[in-house]
> 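I have a structure I would like to understand better, so I am pasting it below and will then ask my questions one at a time.
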Protein chains: 2
Amino acid sequence: MGNRQFTGAPEDADLTRADSLAREIFSDVANKWALLIIECLGDRTLRFSELRDGVAGISHKMLTQNLRMLERNGLVERTVHPTVPPRVEYVLTEPGRGLRATIDGMCAWTQRYLGHIEESRHRFDA
Amino acid sequence: MGNRQFTGAPEDADLTRADSLAREIFSDVANKWALLIIECLGDRTLRFSELRDGVAGISHKMLTQNLRMLERNGLVERTVHPTVPPRVEYVLTEPGRGLRATIDGMCAWTQRYLGHIEESRHRFDA
DNA sequence: CGGTATCCGGAGGGATACTG
DNA sequence: CAGTATCCCTCCGGATACCG
């Protein structure tokens with residue numbers, strides 16, 4: 001896999017539209033909150049407040065903001081139930097579940113190297 | 001896989017040390033620049049300046065900062081050749097290569113859903 | 001060439017209040 | 001309950017300059 005679409009400099013005149021789009025999507029998605037939200041959703045259907053409680057220390061604002069972004073990119077589906085009080089539910093779409101699979105990989109990786117990393121930190125800090 | 005170590009609230013008294021460490025590592029690693037640097041390195045050995053040219057629009061400062069962080073966590077190995085001018089080289093360690101595999105997954109995912117996402121964006125923006 | 005230090009503008013993101 | 005808007009301040013991160 002040639003990854004110039006991710007690593008290529010944006011000022012490069014040869015950079016195709018697809019390349020810069022890929023980079024844009026990558027930048028949207030490769031951030032802490034987005035990944036944690038997707039991981040928290042998993043294969044469940046959750047309400048806004050359940051997500052707020054479910055994702056560590058995320059603020060109301062960040063949650064809304066990231067959910068909008070994920071919805072815009074078609075990774076989550078938002079369903080509003082016109083009841084009172086309102087009930088809004090979020091689920092991963094198929095692309096969203098695809099991304100989730102790779103995030104699961106990152107989580108597993110973290111678990112696996114937890115010890116390695118902690119050691120390395122101590123060595124480095126000395 | 002129980003992911004409470006990632007999604008659990010930090011103020012939760014039951015949160016174990018391992019859980020918060022996992023969260024900390026995840027936060028370090030789940031950021032745009034770190035992921036792009038790792039992806040750019042791949043299985044190559046690159047100099048500082050090669051990385052700066054290789055990673056799209058990254059600044060001197062961000063590159064140094066992220067490389068230090070990755071080195072501290074034991075994901076990259078830094079080798080200084082005591083020549084003049086100095087030559088400093090970076091390679092992924094074994095844990096680093098493990099993480100890289102999952103990032104490859106994210107890149108592949110991006111490529112795969114490029115079309116889906118672009119469409120979704122247009123629909124949303126209307 | 002690679003790294004550190006300093007400055008500083010602007011985005012990120014929290015707290016709060018208000019609407020439907 | 002979910003979402004938007006406003007305020008406000010921190011700190012991210014770019015630009016620049018200077019060391020080894």
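Values in this document were obtained by computation on a predicted structure and should not be read as measured data. All chains are named by letter (A, B, ...) in the order of the sequence lines, taking the proteins before the strands, and each is independently numbered beginning at 1.
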> Distance alone, cut at 3.5 Å: any donor-acceptor contact between the side chains of A:Asn31 and B:Asn31?
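Not at all, the side chains of A:Asn31 and B:Asn31 share no donor-acceptor pair under 3.5 Å.
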> How many whole angstroms separate atom CG of B:Leu63 from atom P of C:dT4?
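Going from CG in B:Leu63 over to P in C:dT4 covers 12 Å.
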> Any ion pair linking A:Arg52 and A:Glu50 (charged N to carboxylate O, less than 4.0 Å)?
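No salt bridge links A:Glu50 with A:Arg52.
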> Please list residues of residues 65-89 of chain A whose heavy atoms come under 4.0 Å from any atom in DNA chain D, ordered by number; otherwise none.
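Correct list: A:Arg68, A:Arg78, A:Pro85, A:Pro86, A:Val88.
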> Do A:Glu94 and B:Tyr113 pair up side chain to side chain, a donor and an acceptor below 3.5 Å, judged on atom types alone?
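Yes - a donor-acceptor pair under 3.5 Å links their side chains.
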> I'd like to know if A:Asp43 and A:Arg97 make a salt bridge, using a cut-off of under 4.0 Å between side-chain N and carboxylate O.
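Salt bridge absent between A:Asp43 and A:Arg97.
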> Check every nucleotide of DNA chain D for an atom under 4.0 Å from a heavy-atom of chain B, then give the first and the last such nucleotide from 5' to 3'.
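Listed 5' to 3', the contact boundaries are D:dG13 to D:dG20.
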> Using 4.0 Å as the upper bound for N to carboxylate O, is an ion pair formed by B:Glu89 and B:Arg44?
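Salt bridge between B:Arg44 and B:Glu89, a charged N being under 4.0 Å from a carboxylate O: no.
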> Expressed as a whole number of angstroms, how long is the span from A:Arg52:CZ to C:dG14:P?
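Distance check: A:Arg52 CZ to C:dG14 P gives 13 Å.
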> Look at the side chain of A:His60 against the base of C:dG14 and say whether a donor-acceptor pair falls under 3.5 Å; ignore hydrogens and angles.
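Between C:dG14 and A:His60, which were checked side chain against base, a qualifying N/O pair under 3.5 Å is absent.
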> If the cut-off is 4.0 Å, is B:Ser49 near the phosphate of C:dG2, judged by side-chain N/O to OP1 or OP2?
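It does, given that an N or O in the side chain of B:Ser49 lies less than 4.0 Å from OP1 or OP2 of C:dG2.
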> Between the side chains of B:Asp28 and B:Arg23, is the shortest nitrogen-to-carboxylate-oxygen separation below 4.0 Å, so that they form an ion pair?
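No, no charged N to carboxylate O under 4.0 Å.
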> Would a hydrophobic clustering, with Ile, Leu, Val, Met, Phe, Trp and Tyr connected at side-chain separations under 4.5 Å, put B:Val91 with B:Leu99?
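Each belongs to a different hydrophobic cluster.
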> Using whole Å, what does the distance between atom P of nucleotide C:dC18 and atom NZ of A:Lys61 come to?
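These atoms are roughly 18 Å apart.
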> Could you give the CZ-to-P distance, from B:Arg47 to C:dG3, as a whole number of Å?
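Interatomic distance, CZ of B:Arg47 to P of C:dG3: 11 Å.
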> Taking atom P of C:dC1 as reference, at what distance in whole Å does atom CD of B:Glu50 sit?
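So the CD-P distance, B:Glu50 to C:dC1, works out to 11 Å.
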> Should A:Glu118 and A:Arg123 count as an ion pair when the cut-off is N to O under 4.0 Å?
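Result for this pair is no, no salt bridge flagged.
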